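No experiment lies behind these values; they were computed from the predicted model shown.
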Amino acid sequence: MGGILSLPVLGVAVIYGITGIPNFAIGVIGVFGGFVTWYFLSYSMGLAIAIGVGVCFIIGWIVQRVLLTPISEMGGDATLFFIITIAVGFVFEGMLRAIFPRPNISLELPRIGTISFAGYSVEGFKIIALLFAIGTLIIIRLMEEHTEVGKSWQATSQNLKLAKLIGIKTTQVFSIASGIGCALACIGAIFWGSLYNLQLSSGWDLGFLGFIVAVVGGIGNIWGGLISALIMGMVMSFSGYLLGGEWQSVILYCIVILVLIIAPKGILGSERSL
Amino acid sequence: MKDHYEKISTVGILLLPLLFVLRGGYLQEVTGYVYLFLIQGYVAWFLFFKSGQPFFGYSVTMAIGAYGTIVLNVMFGWPVLGAMFISAAFAPVVGVILYLATIRAKGFYVSMTSFLLAILFPRLINALQDITGGRSGLYFSGITEFVGYKTLYIIVIVWTVVVAIIFLWLMGTKTGKILTLISENDRLTQAVGINTFRYKLLAYTIAGFISGLGGALYVNYTGFISSIDIEVFTTLYIFFIPLIGGSSLFFGPILGALFVILIPELLVPVERYFRIFFGLIFILVIVLLPEGLAPNVQKLFRRIRKNKE
């Protein structure tokens, strides 16, 4: 569970870490990409995933460029972004309902069975999701250290005014970050849709879960987000096993609320403050 | 004086639906529904916009009032009115505990904690479905059994007017002025020697009680409640009421409630595209009219009056 959760969490962390904007529409956009992937799956698996992820990148890019960056430049605060991105989520959930005739889909990707470790067996797909998340995280960190693009991301997230002064196209950096975040959420939705199923409203669950897990890890802190996703995934699995499915999310949200009360900046601390 | 006229006209507008009380039917049913949400909208107007408290758990306080009334009345045999008032008295506990627990945190973290509570609560209702009915919900005849539907409609309208008057009056008192000061600059208010803790606690208590009583009235009017009615989107719709309507004017929440409840009703013929239109209209209003609808409607009327002169 933690492996799948880690992808939208990474998406939230990348967007928030660079743009400073809490984007609640990310889950709905990711699930929209999941439905697009499902639609093209009968042609070719690779092509379908590429189209789904590509569509999400473009949506993330456009939403940031057309709506969120201009509002940010006008001085919008976190509450305003919270409301605006919820409204963006409404639009994409509405598009899902209008475009796709089925309310419930399952993405039939090739199975790789279960992997046994220390007496426990885990679905191989969950391990792949986790490895993918760790791989993405390492690539992001390496890019930040060794490439011009990555350095411009770091500069923008640390000091926006200075980044603008030294000629970094911050608007473009924000748009790319938003695109990458939404693409990661889409990959998370594809894994989710393959293991369970995707419903029209799944995006909200994925988005809210992604956001709260990111907050628990220390919003904007991608290592914190990954650790938090693993812990929360385990909490969900164990509580579901011990108390049943209905109590799974109740326990999760109770723990998150407690963490927020005790350590509002998350377990590893936030790189930005909300 | 201008403020006084605005208050009187707000109350006057709110009383208008009493004119078609005998007509009954769909219009009356929807009006009652709009007013029940308007009560919650005024709570958000008072607590978030006027007192500056970043609370997003309106659906939770409303649900405590509603479920509490059913549990106390049906399961414990309490009289309906007693059950309504006791559950309403219990509703502020959530806000107050949350406030006390997050006292060290700032702004958006507090908003997030209460928002998570709004996500958690319907799930808790589902988990406790043996008592609450979960998604299948609970039916409740309540006051309707004694006074009839039309009288209940009048009670809803009158209570909404009373709630509006209470908040309008409160914002004109010394307490209201201190709350406005807190919302504008919390630290400065503390620095001039005002015990902000006491005033914030008072704001949460008043808002929670009125929201809880509104929830109790809601379940009496609709005769049914389930976890779907108190989903996290309910809290968002409630917050949208003063935000869209405009929080700077007293009649802002009235326009907001009409917008938030009636737009979905008007979009029923295009139900398939409902969320797209709703989301887009919403974004447009927030981006193009950041002050909300009310100040712009006021400007429009002034311009029309000027042109006539």
Interchain contact, [X] with chain B, by part (heavy-atom threshold 4.5 Å):
| X | result |
| --- | --- |
| A:Leu80 | side chain |
| A:Leu67 | side chain |
| A:Phe24 | side chain |

Mind checking which of [range] sit less than 4.5 Å from chain A, heavy atom to heavy atom?
| range | answer |
| --- | --- |
| residues 238-264 of chain B | B:Phe239, B:Phe240, B:Leu243 |
| residues 283-294 of chain B | B:Ile283, B:Ile286, B:Val287 |
| residues 116-126 of chain B | B:Leu116, B:Leu117, B:Ile119, B:Leu120, B:Arg123, B:Leu124, B:Asn126 |

Taking every non-hydrogen atom, the tightest pair across B:Ala127 and A:Val250: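 Looking at all heavy atoms of both residues, the shortest contact is CB-CG2, 4.2 Å.
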Of all heavy-atom pairs between B:Ile276 and A:Ala98, which one has the smallest distance, and what is that distance?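 That would be CD1-CB, 4.1 Å.
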Would you say [atom1] of [X] has more than 12 non-hydrogen atoms from neighbouring residues, nucleotides or ligands within 6.0 angstrom?
| X | atom1 | value |
| --- | --- | --- |
| A:Trp61 | CH2 | no |
| A:Phe238 | CZ | no |
| B:Phe90 | CZ | no |

Where does the angle between the aromatic ring planes of B:Phe233 and A:Phe90 fall among parallel (under 30°), tilted (30 to 60°) and perpendicular (over 60°)?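 Because their plane-to-plane angle lies in the 30° to 60° range, the rings of B:Phe233 and A:Phe90 count as tilted.
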If you count heavy-atom pairs under 4.5 Å with chain B, which of A:Val88, A:Val256, A:Ile83, A:Leu243 comes out on top?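 The residue among A:Val88, A:Val256, A:Ile83, A:Leu243 with the greatest pair count is A:Ile83.
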So, taking the atom named OH in B:Tyr273 and the one named CD1 in A:Ile99, what distance separates them when rounded to the nearest 0.5 Å?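 If I round to the nearest 0.5 Å, the distance is 9.5 Å.
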By the side-chain hydrogen bond (donor to acceptor under 3.5 Å, both in side chains) test, which pairs, at least two apart or in different chains, include something from residues 81-103 of chain A?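 Qualifying pairs, neighbours excluded: A:Glu93-A:Arg97, A:Glu93-A:Trp204, A:Glu93-B:Arg275.
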Please classify the contact between B:Phe278 and chain A as side chain, backbone, both or neither, with a heavy-atom cut-off of under 4.5 Å.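 Just its side chain gets close to chain A.
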Is it the backbone or the side chain of B:Phe56 that comes under 4.5 Å from a heavy atom of chain A, or both, or neither?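 For B:Phe56, side-chain heavy atoms alone lie under 4.5 Å from chain A.
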Are A:Thr79 and B:Phe48 side-chain neighbours, meaning at least one heavy-atom pair lies under 4.5 Å?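 SC-SC contact between A:Thr79 and B:Phe48 confirmed.
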In terms of heavy-atom pairs under 4.5 Å with chain A, which of B:Phe277, B:Phe115, B:Phe282 leads?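 Top option by heavy-atom pairs under 4.5 Å: B:Phe115.
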